[in-house]
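For the numbers below, each heavy atom of this structure counts, side chains included, while hydrogens, waters and symmetry mates do not.
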Amino acid sequence: MEKKEVEKRLGRAIPDGLFMEALGYAERKREYIYRQSNNPLVMQPWYLVELVTEHVRRLIFSEATLEICREIRNMEKEHSAKSRSAQMDNHIVKVPAV
């Protein structure tokens with residue numbers, strides 16, 4: 001199986017490292033499925049392509065989700081810091097009692 005096949009299914013290029021990680025996972029998953037079902041279709045090359053594609057999508061989605069969480073966390077930290085500094089910047093002027 002070639003990386004090009006997976007990229008064609010995804011409609012985009014993927015880094016070699018991502019492909020290799022997904023391929024390793026998909027091969028282990030395919031072996032597990034075959035041991036459980038003894039279905040010879042599982043061992044077809046197209047099935048491995050589908051498993052790799054599925055896992056690449058999962059990894060991309062997970063990374064995108066983590067990035068959104070990081071951005072939200074940074075926004076919350078920034079907001080929290082601004083809120084605290086606004087409270088500290090109270091300039092109270094004491095007026096002498098009349």
**Path from M1 to L10 over hydrophobic side-chain contacts below 4.5 Å** =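 Cluster IDs for M1 and L10 match.
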
**Request:** Spell out, yes or no, whether L48 and Y32 are grouped together once hydrophobic residues are joined by side-chain heavy atoms under 4.5 Å, including indirect joins.
**Result:**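 No, separate clusters.
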
**Asked** Would you say K3's side chain and I14's backbone share a donor-acceptor pair under 3.5 angstrom?
**Response**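 Yes, because the side chain of K3 sits within donor-acceptor range (under 3.5 Å) of the backbone of I14.
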
Close side-chain approach of [X] and [Y], heavy atoms under 4.5 Å:
X   : Y   : value
V6  : F19 : yes
N39 : Y34 : no
Q44 : R30 : no
L23 : L51 : no

**Asked** Does a side-chain N-to-carboxylate-O contact under 4.0 Å join R70 and E63?
**Response**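 Counted as a salt bridge, because a side-chain N and a carboxylate O are separated by less than 4.0 Å.
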
**Message:** Check this for me: does any side-chain nitrogen of one of R9 and E5 sit under 4.0 Å from a carboxylate oxygen of the other?
**Reply:**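 A salt bridge is absent here (no side-chain N lies under 4.0 Å from a carboxylate O).
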
**Message:** Would you compute the distance between atom CD1 of I72 and atom CD of E67 and round it to the nearest 0.5 angstrom?
**Reply:**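 The CD atom of E67 is 10.5 Å from CD1 of I72, to the nearest 0.5 Å.
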
**Request:** Give, for atom CH2 of W46 and atom OG1 of T53, the distance between the pair rounded to the nearest 0.5 Å.
**Result:**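 Interatomic distance, W46 CH2 to T53 OG1, rounded to 0.5 Å: 12.0 Å.
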
**Prompt:** Is the count of non-hydrogen atoms from other residues, nucleotides or ligands lying under 6.0 Å from R12 atom CZ greater than 12?
**Reply:**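 No, because the 6.0 Å sphere around CZ of R12 holds 12 heavy atoms or fewer from other groups.
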
**Asked** Other than M75, what residues sit in its cluster of Ile, Leu, Val, Met, Phe, Trp and Tyr side chains whose heavy atoms are under 4.5 Å apart, directly or through others?
**Response**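 Grouped by the 4.5 Å side-chain rule, M75 forms a cluster of one, so the answer is none.
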
**Nearest heavy atoms of Y47 and I33, plus distance in Å** =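 Where Y47 meets I33 most closely, the heavy atoms are OH-CD1, 3.7 Å.
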
**Item:** ring-ring contact (aromatic ring centres under 6.0 Å, His included) partners of Y25, counting only residues at least two apart
**Value:**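 Applying ring-ring contact (aromatic ring centres under 6.0 Å, His included) to Y25 gives H55.
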
